[in-house]
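Report on the following structure.
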Amino acid sequence: MKRFALATTAIDVDAEKRRLDDSRAGACVLFEGWVRNHNEGRSVIRLDYQAYAPLAESEGEAIMAEAMARFDLRAALAVHRTGSLAIGDLAVWIGVSADHRNAAFEACRWIIDEIKLRVPIWKNEHYADGESGWLHPDNTPVESDS
Amino acid sequence: MNYQLLYFASLADRAGCAGETVQSDATGLSALYDELRVRHGFAMDPARLRVAVNGQIVDWSHALADGDEVVFLPPVSGG
């Protein structure tokens, strides 16, 4: 079963969440990453996400399989948007279900951290002053060191 | 040898394209990246890049073969 997906259109959160259903699970933790209107003190008007799709999908699947092995889960799913997103849009959705809450909270946090570190997706922020720039994982601009 | 290069994020902006076929005598990734730095003016230090060949992350010591798809991956910023 595929656990990680890239999406070029809005993520269907309700459909994804239904895929977590398991009558043995007593906990479900969901994470939504939203496009915010500011970063590093600058006013942001929209974002573009670019992905190296084949590797993003295989690396994303590897992260989800590692999560299933590391934590006591019933299900784990993640979807990441690509393309142009507006302020407030859902950029990434993660859902896990587990028998107990500790594993669910820990796994959800671990998955988003690994995605941000490893999956080949890049964020280009467009600023209110008309400039734009690619970002590093810590949200600092690429251009400052090149 | 011919390599299929794909570029993303800041490297795509600097190259002015999303990809290209490059003819090169380089058989290693460091030598190939050095050629591309000259060709496109890439400023990013290779120590900050990961490399994928034919869709798999590889070490910089990986030996290239004719026709390989090569992607130098800038630090990612998803999520």
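Within every chain, numbering begins at 1; the chains are lettered A, B, ... in the order of the sequence lines, protein sequences first and strands thereafter. Only a predicted model underlies this, so the values are computations on that prediction, with no experimental measurement involved.
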Winner by heavy-atom pair count (cut-off under 4.5 Å) against chain B, out of A/Val92, A/Asp113, A/Leu55: A/Leu55
Heavy-atom proximity to chain B below 4.5 Å, by part of A/Tyr52: both
Side-chain heavy-atom pair B/Pro46, B/Arg37 within 4.5 angstrom cut-off: yes
Interface residue of largest heavy-atom contact number with chain B, from A/Ser58, A/Ala78, A/Pro120, A/Pro54, under 4.5 Å: A/Pro120
Geometric class of the B/Phe72/B/Tyr33 ring pair [parallel <30°, tilted 30-60°, perpendicular >60°]: tilted
Chain A contact via B/Asp13 - which portion, at a heavy-atom distance below 4.5 Å: side chain
Toward chain B, the part of A/Ala56 with a non-hydrogen atom under 4.5 Å: neither
Cation-aromatic face contact A/Arg42/A/Tyr127, 6.0 Å, 45 degrees: yes
Min side-chain heavy-atom separation B/Thr27-B/Met1 under 4.5 Å: yes
Heavy-atom proximity to chain A below 4.5 Å, by part of B/Ala9: both
Distance-only polar pair, side chains of A/His38 and A/Glu125, donor-acceptor under 3.5 Å: no
